[in-house]
Amino acid sequence: MNVDLWYNMSLVDKSGKVVRSGGRKQSRSYVQGFLATLFSHMSQDAAFLALSVDGTLVAPRYQWTFRMYTPTPGQATYGLVVGTGTLGVTVSDSALGSQIAHGTQAGQLVYSPSPIGSVNVNGSIAYFRVSRSWLNNTVATISIHEIGGCGYGSVVGGAHPFLHFRDLETLHVGVGQTATLVYEERVSL
Amino acid sequence: MNLDLKYKVAKFDAKTGRRTLGSMGWRKSESFLANFINILWEMRVTAASSIVCKDLDGVNKAVSDYLSNFDVTALVGEYIGGIIVGTGVGAVTLQDYNLTVIAHGGGAGQLDYGAQLVATPAFSHPVYSGSSGYFRFWRTFVNDSGGTIVVGEIGVVGLGRVVTTATPFLVIRDVPSPSVSLNDGQGMTVTYQVGITV
């Protein structure tokens with residue numbers, strides 16, 4: 001076994017009660033942004049360029065290009081993200097089809113911080129989890145159809161996030177409800 | 001699996017223009033190691049914390065996110081970086097932190113380690129086709145020792161940053177079966193392929 005990616009998405013109501021748990025599912029895939037970032041780090045090829053979330057070709061070589069942790073509520077540029085796109089996942093995906101913005105206006109969700117748990121090593125398995133939640137503080141239900149994770153990319157000349165993984169998952173988030181997503185990256189023998 | 005790791009070993013005759021002596025074909029790598037997931041965690045978290053990894057001497061070191069962790073490049077003769085080989089045959093465990101390393105050189109029991117750099121070249125850019133994508137990196141080893149050398153294990157050493165000091169950590173280990181026997185004058189190229197498939 002090499003590196004596996006799993007996720008679990010659930011829905012919580014105003015009282016904190018879980019009203020839907022999607023169960024643990026294996027992610028469809030890492031995508032090109034992750035492979036490109038890993039290649040850049042391993043090879044130190046400063047001339048190599050990859051497509052960032054904003055559609056810019058940049059060299060994802062320098063520090064923080066894997067970063068998903070964010071302690072800041074409302075920071076929707078990197079970490080776990082959700083969207084409304086429904087097109088199938090491809091290895092060349094560089095962004096969600098249509099990311100849901102942070103906020104309380106129509107069609108927006110309130111992004112929580114994106115914490116990362118510590119590494120757990122249990123015999124032949126080692127893993128850690130990245131999580132995030134989204135509160136619907138609008139006046140209408142919002143439907144999530146795609147989920148993913150973006151690594152923050154600090155490169156020469158600026159910062160560009162790279163999409164590292166993407167999955168299709170539908171969850172209807174009612175008014176006052178919170179969608180919670182946990183991704184787990186693991187190695188196992 | 002989501003991030004797929006494979007490797008292959010191809011032998012050649014180093015004395016007669018590198019005539020191919022056969023390849024063992026692609027094999028599934030046994031594993032990225034705990035050091036890999038630890039360093040990945042560190043880079044996911046970044047400046048918020050650091051994580052302890054075992055260096056090549058088995059000493060715990062706190063790795064921080066600082067420029068290009070996972071650097072697997074290596075200079076000619078360098079065997080604390082890039083793909084390395086050893087004589088151990090013990091089963092792979094997640095906690096492995098080194099090999100019984102075959103040193104660089106032309107003396108008894110030694111192999112000549114080639115460079116593993118973009119300029120060598122020893123890396124191929126990611127390529128995408130249909131539902132998959134991959135990149136490769138490789139390194140060449142030549143037996144100029146005068147005797148036969150048996151390679152029992154293969155590893156990859158990546159640099160992690162202990163504060164700002166580049167420190168080597170074993171991040172991948174494989175034990176090919178059967179072991180690879182290199183006669184004097186023979187060489188081998190070890191290639192790893194890191195891939196994703198939707």
Side-chain angles (χ1 to χ4, degrees), chain A residues 1-6 26-32 34-48 50 61-69 71 79 88-93 115-119 121 123-128 130 149 151-152 154 165-166 185-189, chain B residues 1-6 28-34 36-49 51 65-73 91-95 116-118 122-126 128-135 137 156 158-159 161 171 192 194-198:
Chain A
M1 194 70 77
N2 295 144
V3 179
D4 283 334
L5 186 64
W6 298 78
Q26 184 154 22
S27 169
R28 188 65 190 270
S29 189
Y30 287 104
V31 294
Q32 61 90 24
F34 181 82
L35 199 64
T37 301
L38 189 57
F39 171 79
S40 293
H41 277 254
M42 294 181 102
S43 68
Q44 298 290 287
D45 186 348
F48 174 68
R61 180 186 176 196
Y62 297 96
Q63 67 191 106
W64 293 8
T65 43
F66 285 91
R67 180 175 180 169
M68 287 193 173
Y69 167 76
V89 178
T90 72
V91 288
S92 58
D93 286 347
I116 299 179
S118 58
V119 175
V121 181
S124 61
I125 298 171
Y127 67 91
F128 64 86
V130 185
Y152 179 88
S154 179
F165 41 83
R166 177 173 175 254
E185 294 182 286
R186 66 158 55 197
V187 294
S188 57
L189 292 180
Chain B
M1 72 201 66
N2 293 115
L3 186 65
D4 181 33
L5 184 64
K6 299 176 180 176
K28 181 175 167 47
S29 172
E30 285 168 89
S31 195
F32 288 104
L33 303 174
F36 179 89
I37 204 80
N38 282 339
I39 295 173
L40 179 61
W41 178 91
E42 175 53 41
M43 291 194 291
R44 291 288 195 216
V45 174
T46 65
S49 187
I51 194 165
D65 180 73
Y66 183 83
L67 298 179
S68 306
N69 284 332
F70 287 144
D71 174 358
V72 299
T73 62
V92 176
T93 74
L94 281 185
Q95 288 73 31
Q116 187 179 323
L117 302 167
V118 169
F123 292 87
S124 66
H125 282 178
Y128 302 96
S129 177
S131 60
S132 63
Y134 67 86
F135 68 84
F137 57 93
V156 179
L159 294 180
R161 260 51 183 188
V171 293
Y192 274 91
V194 182
I196 56 176
T197 300
V198 172

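None of the values given here were measured: they were computed from a predicted structure. Reminder, nothing fancy here: chain letters follow the sequence lines and each chain counts from 1.
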Fill in the blank from the handout: Rounded to the nearest 0.5 Å, the CG atom of A:Asp4 sits from the CG atom of B:Asp4 at a distance of 10.0 Å
Fill in the blank from the handout: Closest heavy-atom pair, B:Pro126 versus A:Ala36, reported as atoms and distance to 0.1 Å, is CG-CA, 4.5 Å
Exercise for the section: For residues B:Val198 and A:Thr90, determine if any side-chain heavy atom of one lies less than 4.5 Å from a side-chain heavy atom of the other. Expected result: no
Handout entry: Per-residue contact mode, B:Leu33 against chain A (heavy atom under 4.5 angstrom)
Key = backbone
Exercise for the section: For the residue pair B:Val45 and A:Phe128, establish whether any side-chain heavy-atom pair is separated by less than 4.5 Å. Expected result: no
Fill in the blank from the handout: Rounded to the nearest 0.5 Å, the NE2 atom of A:His41 sits from the CD1 atom of B:Ile39 at a distance of 11.5 Å
Practice task
Select, from B:Gly195, B:Ala122, B:Ser132, the one with the greatest count of heavy-atom pairs under 4.5 Å involving chain A.
Solution key: B:Ser132
Problem - Engaged part of A:Ser43 at the chain B interface, taking heavy atoms whose separation is under 4.5 Å - result: both
Handout entry: From A:Leu189 atom CG to B:Glu30 atom CD, the distance as rounded to the nearest 0.5 Å
Key = 8.0 Å
Fill in the blank from the handout: Whatever's closer than 4.5 Å to a heavy atom in chain B on A:Val130 counts as neither
Practice task
Sort A:Arg186 into side chain, backbone, both or neither according to what part of it lies under 4.5 angstrom from a heavy atom of chain B.
Solution key: backbone
Problem - Side chain, backbone, both or neither of B:Ser131 within contact of chain A (heavy atoms, under 4.5 Å) - result: backbone
Problem - From CA spacing to verdict: side-chain contact (heavy atoms from CB on, under 4.5 Å), A:Phe39, B:Val194 - result: CA-CA 9 Å; A:Phe39 171 79; B:Val194 182; over 6 Å; no
Handout entry: Test item: B:Trp41 side-chain N/O and A:Gly117 main-chain N/O as donor-acceptor pair under 3.5 Å
Key = yes
Exercise for the section: Look up atom OG in A:Ser40 and atom CZ in B:Phe70, then write down how far apart they are to the nearest 0.5 Å. Expected result: 13.0 Å
Exercise for the section: Rounded to the nearest 0.5 Å, what's the gap from OG1 on B:Thr46 to CZ on A:Phe66? Could you check? Expected result: 12.5 Å
Practice task
Check whether any side-chain heavy atom of A:Phe34 lies under 4.5 Å from a side-chain heavy atom of B:Leu3, and answer yes or no.
Solution key: yes
Fill in the blank from the handout: Across all chains, not counting sequence neighbours, the side-chain contact (heavy atoms from CB on, under 4.5 Å) partners of A:Ala126 are A:Val121, A:Val187, B:Ile37, B:Leu94
Practice task
Heavy-atom pairs under 4.5 Å with chain B are the metric here; pick the option from A:Gly149, A:Gly123, A:Gly151, A:Pro71 that has the most.
Solution key: A:Gly123
Exercise for the section: In sequence, state the C-alpha distance, the side-chain angles, and the governing distance for B:Asn2 and A:Glu185, and then conclude on side-chain contact (heavy atoms from CB on, under 4.5 Å). Expected result: CA-CA 10 Å; B:Asn2 293 115; A:Glu185 294 182 286; over 6 Å; no
Practice task
Below 4.5 Å from any heavy atom of chain A, which atoms of B:Ser129 appear? Answer side chain, backbone, both or neither.
Solution key: neither
Practice task
Find the distance between CG (A:Asn2) and CD1 (B:Ile196) and round it off to the nearest 0.5 Å.
Solution key: 13.5 Å
Completion exercise
If one checks every heavy atom of A:Ile125 against chain B at 4.5 Å, the contacting part turns out to be backbone
Exercise for the section: Check side-chain contact (heavy atoms from CB on, under 4.5 Å) between B:Tyr134 and all other residues, then give those that pass, not counting sequence neighbours. Expected result: B:Val127, B:Arg136, B:Gln193
Problem - Interchain contact, B:Gln95 with chain A, by part (heavy-atom threshold 4.5 Å) - result: side chain
